[in-house]
2 protein chains.
Amino acid sequence: MAEESDALDVLFSALANRHRREIIHALALQPHSISQLAALRDLSLPAIHKHIAILEDAGLVTRRKTGRTTHLALERQSLRALQYWLSEFHAYWGSGAETLENYENYLSQSPTTSKE
Amino acid sequence: MAEESDALDVLFSALANRHRREIIHALALQPHSISQLAALRDLSLPAIHKHIAILEDAGLVTRRKTGRTTHLALERQSLRALQYWLSEFHAYWGSGAETLENYENYLSQSPTTSKE
DNA sequence: CCAATAGTTAACTAGAAAGTTAACTATGGT
DNA sequence: ACCATAGTTAACTTTCTAGTTAACTATTGG
């Protein structure tokens, strides 16, 4: 439970960066090597290397070394965790039940505001 | 495009924190005041206040002050941006076309054991 | 073997994030 | 008017993040 929460921390922070999202987009089309990814954006190789480590840590990317080049691929399953988290809110998306308008309307009906 | 990317940065990093996700969960059920949210977790009021500012900044939460209490509600639309981002990958989720296995097969390499 | 390529590691910097305590403002009830 | 409640702001600490350059290891090919 706390671990799951931790995993989401790691997953969300991995995605909270433009470079990393772009890497993910590139990998969604086809695996790339680290140098190929570095060539696509204006970052040093060590910087890319760190981003990839973060993506790998979040389970978003898999690496496999073949000779001297490392091939990276998107780990699609990891995005399912995100989808799953998001799906918890689907039930509310259409309802509007939890808007401030409705809530204040509800509050004005009861004489005393309850705490906790 | 850069702005959209920025918005995603802000959105993802807002979600990359257990406390903030819990706040969001609480607000999905019903609006809460800041003190109510603080009571639910082991954090000082200023800490909660900062989290809420971050959630608000990301467009995830709306606040409305009524007298001396502030009511917060989930802004469901903001989660749609996340859903939208995620949906870009849906096409790949079943395919496996971009896995390392297929790629290396294409490169005529022999597969090795994959990591956890 | 030697040189080029691919990636890794180390050491460092600047700035953001997450929390704290203490002090402050604003509102509501009696 | 007074005091408790609700929230805000300030100042500060600690830790994490994202990048840099420089130096290193490992692999390929002539």
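Numbers restart at 1 for each chain; the letters A, B, ... are given by sequence-line order, proteins then strands.
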Colleague: Of Leu37(A), Leu55(A), Leu60(A), Ile23(A), which is the lone residue that meets side-chain contact (heavy atoms from CB on, under 4.5 Å) with Leu72(A)?
Modeller: Leu37(A)

Colleague: Tell me: CD1 of Ile52(B) to P of dG7(D), nearest whole Å?
Modeller: 8 Å

Colleague: Between P on dG7(D) and CZ on Arg64(B), what's the gap in Å once rounded to a whole number?
Modeller: 15 Å

Colleague: Hey, are His51(B) and Arg20(B) close enough side-chain-wise for a donor-acceptor pair under 3.5 Å?
Modeller: yes

Colleague: Hey, what do you get for CZ (Arg21(B)) to CG (Leu15(B)), rounding to the nearest 0.5 Å?
Modeller: 7.5 Å

Colleague: Identify the two heavy atoms, one from Ala73(A) and one from Leu27(A), that lie closest to each other, and give their separation to 0.1 Å.
Modeller: C-CD1, 4.2 Å

Colleague: Check the phosphate of dA18(D) against Arg18(A), side-chain N and O only, distance under 4.0 Å to OP1 or OP2. Yes or no?
Modeller: no

Colleague: Quickly work out the Ile34(A) CD1 to dA26(D) C1' distance and round it to whole Å.
Modeller: 14 Å

Colleague: Measure from NE2 on His49(A) to C1' on dT20(D) and round the result to the nearest Å.
Modeller: 16 Å

Colleague: Can you measure Leu37(B) atom CG to dT8(D) atom P for me and round it to whole angstrom units?
Modeller: 12 Å

Colleague: Measure across Ala58(A) and Ala14(A) and return the closest heavy-atom pair with its distance rounded to 0.1 Å.
Modeller: CB-CB, 3.6 Å

Colleague: Between the protein and nucleotides 16-22 of chain C, are there any N/O to N/O pairs under 3.5 Å, and if so, what are the atom names and distances?
Modeller:
from    : atom 1 : to       : atom 2 : distance (Å)
dA18(C) : OP1    : Arg20(B) : NH2    : 3.4
dA18(C) : OP2    : Arg20(B) : NH1    : 3.1
dG19(C) : OP1    : His19(B) : NE2    : 3.2
dG19(C) : OP2    : His51(B) : NE2    : 2.2
dG19(C) : N7     : Lys50(B) : NZ     : 3.0
dG19(C) : O6     : Lys50(B) : NZ     : 2.4
dT20(C) : OP2    : Ser44(B) : N      : 3.3
dT20(C) : OP2    : Ser44(B) : OG     : 2.6

Colleague: What string of B, S and - do you get for nucleotides 24-30 of chain C, 5' to 3', when a contact is any protein heavy atom under 4.0 Å?
Modeller: ---BS--

Colleague: Please list, chain by chain and in numerical order, all residues satisfying side-chain contact (heavy atoms from CB on, under 4.5 Å) with Ser44(A), sequence neighbours excluded.
Modeller: Pro46(A), Ala47(A)

Colleague: About how many Å separate CD1 of Ile54(B) and CG of Asp57(B), when rounded to the nearest 0.5 Å?
Modeller: 8.0 Å

Colleague: Rounded to whole angstroms, how far apart are CD on Gln36(A) and P on dG7(C)?
Modeller: 8 Å

Colleague: Let me know which of Leu82(B), Asn17(B), Leu11(B) forms a side-chain contact (heavy atoms from CB on, under 4.5 Å) with Phe12(A).
Modeller: Leu82(B)

